Amino acid sequence: MLDMDLFFMREAVKEARKAFDDDEVPVGCVIVHKKKIIARAHNQIERLKDPTAHAEMLALTAAANALEMKWLNQSSVYVTIEPCAMCSGALVLARVEKLFYGADDPKTGACGSVFNITDNRRLNHRIKVRKGLLAEECGALVSGFFARKRAKAAARNN
C-alpha cells in the first residue's frame, strides 16, 4: 500500500503549499476513508484569526461532515508535519485508525517527539502511526517558510 500512501501524502503536500502561498505555516492534511479522500485542508490560522484552525482540525470537521458521524473509524490521516497536542488529541477523540505524517516537530509534536498522545495507554483509543513519509520535502517546506519570514523581518529592520 506504499504507493497509495505516497499518493495521499503528496495530496497533503499540495495542501501545505497552499498554506505557504497564503503566508500560513505550511501544514497540509488529507483524510482518507475506504481509499477515497473525504477531506482536505491546510493551516488557516492567520486567515481565520483562529488559533485552532490547524490543517488537521479543519480536515477532521470536514471528514465528520462527509461521513455524517463523529467517529472516523477506518479512516487514515495524512499530514505533512507531526501533529501538536491539540490535533493529536482531536485525532484520538475522533478514533482515527491510522496517522501518516512527514516531518517530526521537535518543539510541539505530540506523536512521539514531545508527547505521545496518539499511543497513550491511559486514553480510550490509540492510533497506528507511521512517520517519515516524504519527510525531507515536508520539512523543507516548513524550513523554507520560516527562512522567508526571517529574511522579511531582517529586511524590515534594515
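Keep in mind that this is a model prediction, so the values were computed, not measured. All values below come from the heavy atoms of this structure, side chains included, with hydrogens, waters and symmetry mates left out.
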Provide the closest heavy-atom pair for [X] versus [Y] in the form atom of the first, atom of the second, distance.
{"X": "Cys138", "Y": "Ile81", "answer": "O-CD1, 3.9 Å"}
{"X": "Ala135", "Y": "Ala103", "answer": "O-CB, 3.8 Å"}
{"X": "Val27", "Y": "Thr80", "answer": "CA-OG1, 3.4 Å"}
{"X": "Leu141", "Y": "Ala16", "answer": "CD1-CB, 3.8 Å"}

* Asked: Quick check: does any side chain N or O of Glu15 sit under 3.5 Å from a backbone N or O of Val30, one acting as donor and the other as acceptor?
  ->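 Judged by distance alone, no pair lies under 3.5 Å.
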Going from [atom1] on [X] to [atom2] on [Y], what distance comes out if it is rounded to the nearest 0.5 angstrom?
{"X": "Asp5", "Y": "Arg130", "atom1": "CG", "atom2": "CZ", "result": "5.5 Å"}
{"X": "Ile37", "Y": "Phe7", "atom1": "CD1", "atom2": "CZ", "result": "5.0 Å"}
{"X": "Ser76", "Y": "Met9", "atom1": "OG", "atom2": "CE", "result": "11.0 Å"}
{"X": "Gln44", "Y": "Lys18", "atom1": "CD", "atom2": "NZ", "result": "9.5 Å"}
{"X": "Cys111", "Y": "Asp105", "atom1": "SG", "atom2": "CG", "result": "10.0 Å"}
{"X": "Ile31", "Y": "Ser75", "atom1": "CD1", "atom2": "OG", "result": "7.0 Å"}

* Carefully, step by step, assess Glu11 and Val32 under the rule side chain to side chain contact (heavy atoms under 4.5 Å, CB included). => CA-CA 11 Å; Glu11 292 299 305; Val32 174; over 6 Å; no
* Asked: Can you say whether the rings of Phe145 and Phe20 are parallel (under 30°), tilted (30 to 60°) or perpendicular (over 60°)?
  ->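 Answer is perpendicular, since the angle exceeds 60°.
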* Minimum side-chain heavy-atom gap Asn43-Pro26 below 4.5 Å ->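 Asn43 vs Pro26: side chains apart.
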* Asked: Tell me, do Glu82 and Val114 make a side-chain contact under 4.5 Å, heavy atoms counted?
  ->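 No - every pair of side-chain heavy atoms lies 4.5 Å or more apart.
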* Treating Ile, Leu, Val, Met, Phe, Trp and Tyr as nodes and any side-chain heavy-atom pair under 4.5 angstrom as an edge, say whether Ile127 and Leu93 lie in one connected cluster. =>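 No; Leu93 is not reachable from Ile127 via cluster members.
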* Asked: Going only through I, L, V, M, F, W and Y residues with side-chain contacts under 4.5 Å, is there a path from Ile45 to Leu48?
  ->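 Cluster IDs for Ile45 and Leu48 differ.
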* Asked: Please walk me through it: do Val79 and Leu99 pass side chain to side chain contact (heavy atoms under 4.5 Å, CB included)?
  -> CA-CA 8 Å; Val79 63; Leu99 168 66; 3.8 Å; yes
* Asked: Passes side-chain hydrogen bond (donor to acceptor under 3.5 Å, both in side chains), Thr118 versus Asn120? Steps please.
  -> CA-CA 6 Å; Thr118 53; Asn120 187 317; over 6 Å; no
* To do: Please lay out, stage by stage, how Glu46 and Val25 fare under the test side chain to side chain contact (heavy atoms under 4.5 Å, CB included).
  => CA-CA 9 Å; Glu46 301 300 328; Val25 176; over 6 Å; no
Show me the side-chain donor-acceptor pairs of residues 54-74 shorter than 3.5 Å, one per line, residues at least two apart or across chains.
from  : atom 1 : to    : atom 2 : distance (Å)
His54 : NE2    : Pro51 : O      : 3.3
Thr61 : OG1    : Met57 : O      : 3.2
Asn65 : ND2    : Thr61 : O      : 3.2

* To do: Only pairs at least two apart or in different chains count here, so list each salt bridge (charged side-chain N to carboxylate O under 4.0 Å, His left out) that has a residue in residues 109-123.
  =>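 Checked against salt bridge (charged side-chain N to carboxylate O under 4.0 Å, His left out) - neighbours excluded - the pairs reaching residues 109-123 are Asp119-Arg126.
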* **CA sep, side-chain torsions, deciding dist, call: His125, Leu123, side chain to side chain contact (heavy atoms under 4.5 Å, CB included)** => CA-CA 6 Å; His125 179 73; Leu123 299 176; over 6 Å; no
* Give a yes or no on this: more than 12 heavy atoms of other residues, nucleotides or ligands lie within 6.0 Å of atom CZ of Phe115. =>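 Result for CZ/Phe115: open.
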